[in-house]
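Keep in mind that this is a model prediction, so the values were computed, not measured. FYI, the numbering just counts along the sequence from 1.
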Amino acid sequence: MGRSATDGVPIRVYLLSGRESTRHTRRRLLEAQGMAVVGEAGSAAEACAQILALRPDVAVLDSRLGDGTGGEVCLQVRSVDPAITCVIVAGDRDARARREAVLAGACGCLPEQISGADLGAAIGRAAAGELLFEPEDEEWALEGAIEEAVMRRGIDLSPQESRVLELLHRGLTNRQIAHEMAVAQKTAQTCVSSALAKLGRAHRTEPPQHVPRPAHRAGLRRTLTAS
């Protein structure tokens, strides 16, 4: 559960950017707004261990780094500690970074040219547990990730298999998928097995029905990127 900046305790922020000048500017702007920058790094390798050790309220991660991406850092951190909130900063036209942020379980994706006041406001909302993405962002990211996986592996999915994958990675069980598609549960199970087999997955364990949405996105990314 998130908390508000009005509770009297400064929001603890971690900064990751390959540009030292960017980190310095963000630190100055956020500290001027009463936030506490508890750590920073210029590389993905440094950041993962530090974020897990410091457990900031919000980790602000640049999307492009010399040794990886902010989305990869977010995924690694949240795979160990899902309670850590991450926000990705990316170029306005960097659709790939935005999609990666959604699938990694980030709270939101902010533009690189965001003002200091807007950055502080976004971090405050994220620390309070608010999801900064719009509802349609997740659907767009899911569809794009499935399409990329299919194209990358030369997979020919039927329309029914594509629909099943979308529902599966939203966290639905076979029973729920059957209901959504208005087919028998056995038909849904067969289609799930067929679609996953084409993606190189022999089977799947049905997720619980009340897993938080970020966990679904991280699970989807691991599934789609598995070789």
Side-chain angles (χ1 to χ4, degrees), residues 1-78 80-135 137 212-214 217-218:
M1 181 177 179
R3 65 175 182 78
S4 169
T6 60
D7 63 6
V9 179
I11 293 174
R12 302 172 68 255
V13 182
Y14 185 92
L15 301 175
L16 170 60
S17 174
R19 297 181 294 273
E20 185 176 0
S21 60
T22 297
R23 299 197 306 272
H24 175 77
T25 298
R26 289 176 184 164
R27 173 187 285 272
R28 178 174 51 82
L29 291 170
L30 295 177
E31 289 180 341
Q33 297 177 60
M35 299 184 188
V37 176
V38 297
E40 62 178 68
S43 69
E46 290 180 275
C48 287
Q50 289 181 7
I51 293 171
L52 288 169
L54 294 169
R55 300 191 78 251
D57 297 311
V58 180
V60 180
L61 317 172
D62 271 7
S63 62
R64 300 303 174 197
L65 304 163
D67 61 341
T69 69
E72 291 169 347
V73 173
C74 175
L75 181 62
Q76 291 181 43
V77 166
R78 288 180 52 80
V80 177
D81 189 346
I84 295 176
T85 297
C86 298
V87 174
I88 307 297
V89 179
D92 290 343
R93 299 186 179 183
D94 195 342
R96 188 177 186 86
R98 188 173 186 83
R99 178 176 292 129
E100 183 179 50
V102 175
L103 300 178
C107 174
C109 189
L110 307 176
E112 287 179 332
Q113 302 306 317
I114 190 169
S115 69
D118 288 343
L119 175 61
I123 291 174
R125 292 167 58 197
E130 183 176 343
L131 187 65
L132 305 183
F133 285 114
E134 297 297 326
D137 286 337
R213 290 171 63 193
R217 294 198 293 269

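Across every non-hydrogen atom of Leu54 and Val38, the tightest pair is CD1-O, 3.6 Å. Nearest heavy-atom pair across Asp57 and Pro10 is OD2-O, 4.1 Å. Nearest heavy-atom pair across Gly70 and Leu61 is O-CD1, 3.5 Å. Across all their heavy atoms, Leu131 and Cys107 have their closest contact at CD1-O, 3.4 Å. Among all heavy-atom pairs drawn from Cys74 and Gly105, the shortest one is SG-C, 4.0 Å. In terms of heavy-atom proximity, Ser43 sits nearest to Asp67 at CB-OD2, 3.5 Å.
Side-chain contact between Arg26 and Val89 is present, with at least one heavy-atom pair separated by less than 4.5 Å. Leu110 is listed as a side-chain neighbour of Leu132, based on a closest heavy-atom distance under 4.5 Å. Side-chain contact between Ile51 and Pro56 is present, with heavy atoms from C-beta onward closer than 4.5 Å.
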Please output the side-chain donor-acceptor pairs of residues 118-127 that fall under 3.5 Å, not counting sequence neighbours, one pair per line with the distance.
unit_1: Asp118; atom_1: OD2; unit_2: Ser115; atom_2: OG; d: 3.3
unit_1: Arg125; atom_1: NE; unit_2: Glu130; atom_2: OE1; d: 3.4
unit_1: Arg125; atom_1: NE; unit_2: Glu130; atom_2: OE2; d: 3.0
unit_1: Arg125; atom_1: NH2; unit_2: Glu130; atom_2: OE2; d: 2.8

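Shown here are the side-chain contact (heavy atoms from CB on, under 4.5 Å) partners of Ala41, two or more places apart in sequence or in another chain: Tyr14, Leu16, Glu46, Ala47, Gln50. Pro111 is linked by a side-chain contact (heavy atoms from CB on, under 4.5 Å) to Asp92, Ile114, counting only residues two or more places apart in sequence or in another chain. Checked against side-chain hydrogen bond (donor to acceptor under 3.5 Å, both in side chains), Arg27 has the following partners two or more places apart in sequence or in another chain: Glu31, Glu40. Among residues two or more places apart in sequence or in another chain, the side-chain contact (heavy atoms from CB on, under 4.5 Å) test is passed with Ala53 by none. Partners of Cys48 according to the side-chain contact (heavy atoms from CB on, under 4.5 Å) rule, which considers only residues two or more places apart in sequence or in another chain, are Val73, Gln76. With sequence neighbours excluded, no residue forms a side-chain hydrogen bond (donor to acceptor under 3.5 Å, both in side chains) with Ser63.
Annotation: Arg55, atom CZ; neighbour count of heavy atoms from other residues, nucleotides and ligands within 6.0 Å does not exceed 12.
At least one donor-acceptor pair under 3.5 Å links the side chain of Arg78 to the backbone N or O of Ile84. Between the side chain of Asp81 and the backbone N or O of Ala83 there is at least one donor-acceptor pair closer than 3.5 Å.
Considering CG of Asp62 and CD1 of Ile88, their distance stands at 9.0 Å, rounded to 0.5 Å. The structure places CZ of Arg23 at 15.0 Å from CZ of Arg28, a figure rounded to the nearest 0.5 Å. To the nearest 0.5 Å, the span separating CD on Glu72 from CG on Leu65 amounts to 8.5 Å.
Among residue pairs with one or both ends in residues 103-112, none qualify as side-chain hydrogen bond (donor to acceptor under 3.5 Å, both in side chains); sequence neighbours excluded.
In summary, of the residues considered (His24, Glu20, Arg19), a side chain to side chain donor-acceptor pair (under 3.5 Å) with Thr22 occurs for Arg19 alone.
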